[in-house]
Amino acid sequence: MRKIIYSISAIGLMALAACGGDGNSNNNGTIDISGKTKQEVFMLHSWALTSWIDSGQGEKTESIEACKKDDTYDFTTTTSFKVTNNTKCDPSDNAEDVLPWGMSSANASSVVIFSQNWDIAKMTGEKITLTRKYLFNFPSGSTDTMYSTMIFEKK
């Protein structure tokens with residue numbers, strides 16, 4: 001009888017361990033951001049900038065240099081974020097840069113990053129998608145409406 005009770009207890013403990021986590025995850029393995037402000041989601045953990053697509057005039061251009069794809073972005077305060085340059089594009093680059101960022105309120109629908117205003121298109125605990133629309137002035141004097149999409153993913 002004891003063996004049966006121990007076996008049932010062991011199975012129960014294994015099931016609990018399999019379902020457990022850091023308290024921030026739900027059953028799908030996603031990070032639960034319910035109750036958090038958008039600002040808090042930015043500050044939740046480290047991020048990687050996985051895509052920055054600029055498009056206009058029928059073209060789409062990936063704007064992240066290869067040496068920047070492994071950088072780490074930490075939104076450490078409500079006004080600054082740290083970029084850890086894991087692979088330097090130039091030997092004279094800093095190992096880390098601290099840059100400004102901000103939101104007009106903790107749950108604003110837009111954010112200022114890299115001195116540009118971005119709309120928060122989608123936000124989860126694992127991925128933040130930002131978009132912006134702007135006019136680009138070409139050297140020829142013409143202008144065109146451009147679109148950019150920037151994606152941060154959990155590091």
Side-chain angles (χ1 to χ4, degrees), residues 16-155:
L16 282 174
C19 294
D22 60 5
N24 289 326
S25 298
N26 66 21
N27 291 338
N28 297 330
T30 58
I31 297 171
D32 182 11
I33 60 171
S34 58
K36 296 198 182 304
T37 65
K38 291 176 182 177
Q39 195 173 55
E40 288 172 326
V41 175
F42 274 99
M43 298 171 68
L44 193 59
H45 49 72
S46 298
W47 298 92
L49 180 58
T50 58
S51 180
W52 184 333
I53 302 289
D54 291 313
S55 61
Q57 295 187 341
E59 294 181 17
K60 287 187 175 185
T61 305
E62 176 61 66
S63 296
I64 302 176
E65 296 176 81
C67 55
K68 294 290 187 187
K69 290 192 178 215
D70 67 344
D71 289 357
T72 304
Y73 295 77
D74 290 293
F75 295 83
T76 53
T77 72
T78 59
T79 59
S80 66
F81 68 101
K82 178 178 72 172
V83 180
T84 304
N85 299 307
N86 295 312
T87 302
K88 292 182 178 185
C89 297
D90 184 280
S92 65
D93 288 347
N94 296 326
E96 294 180 351
D97 292 304
V98 176
L99 303 169
W101 82 288
M103 299 175 74
S104 61
S105 69
N107 264 323
S109 60
S110 64
V111 59
V112 175
I113 298 177
F114 302 122
S115 302
Q116 299 169 339
N117 194 39
W118 296 84
D119 293 322
I120 301 171
K122 186 174 179 184
M123 178 178 273
T124 67
E126 296 80 28
K127 187 175 182 178
I128 299 172
T129 303
L130 307 175
T131 59
R132 75 185 197 105
K133 175 183 171 180
Y134 61 99
L135 286 177
F136 183 79
N137 297 317
F138 291 95
S140 64
S142 65
T143 61
D144 190 20
T145 301
M146 300 290 285
Y147 302 89
S148 293
T149 301
M150 186 165 52
I151 298 174
F152 287 97
E153 293 188 50
K154 182 182 182 296
K155 187 84 170 177

Shortest non-hydrogen contact from W47 toward K154
CE3-N, 3.5 Å

Measuring from atom CZ of F42 to atom CD1 of I113, what distance do you get when rounded to the nearest 0.5 angstrom?
4.5 Å

One should read off an interatomic distance between H45 NE2 and F75 CZ, to the nearest 0.5 angstrom, of 11.0 Å

Closest non-hydrogen atom pair, D119 against S110
OD1-CB, 3.9 Å

Interatomic distance, CD1@I31 vs NZ@K127, rounded to 0.5 Å, equals 14.0 Å

Could you grab the distance from atom CD of E153 to atom OG1 of T124, nearest 0.5 Å is fine?
8.5 Å

Nearest heavy-atom neighbours spanning V98 and S80:
CG1-CB, 3.9 Å

Sole candidate of D71, T72, D70 that passes side-chain hydrogen bond (donor to acceptor under 3.5 Å, both in side chains) when paired with N86:
T72

Please report the closest heavy-atom contact between T37 and A106, naming both atoms and the distance.
CB-O, 3.4 Å

Among side-chain atoms of T76 and D74, is any donor-acceptor pair under 3.5 angstrom?
no

Using a 4.5 Å cut-off on heavy atoms from C-beta on, say whether the side chain of K88 contacts that of C67.
no

From NZ (K122) to OG1 (T131), nearest 0.5 Å
13.0 Å

Between atom CH2 of W118 and atom OG of S109, what is the distance when rounded to the nearest 0.5 Å?
15.0 Å

Counting C-beta onward and ignoring hydrogens, is there a side-chain heavy-atom pair between V111 and K38 closer than 4.5 Å?
no

Any non-hydrogen side-chain atom of M150 less than 4.5 Å from a side-chain atom of F114?
yes

With a 4.5 Å cut-off on side-chain heavy atoms, are D54 and F136 touching?
no

Q39 versus W101: any side-chain heavy-atom pair under 4.5 Å?
yes

Mind running side chain to side chain contact (heavy atoms under 4.5 Å, CB included) on I53 and E62 for me, showing each step along the way?
CA-CA 5 Å; I53 302 289; E62 176 61 66; 3.4 Å; yes

With the side chain counted from C-beta on, respond yes when T145 and L135 share a heavy-atom pair under 4.5 Å apart, and no when they do not.
yes

Please find the pair of heavy atoms, one from G56 and one from M146, that lie closest to each other, and give the distance.
CA-SD, 3.7 Å

Taking side chain as C-beta onward, heavy atoms only, is M43 less than 4.5 Å from T78?
yes

Tell me the closest heavy-atom pair linking S148 and Y134, and the distance in Å.
OG-CE2, 3.4 Å

Y147 side chain reached by R132 side chain, heavy atoms, under 4.5 Å
no

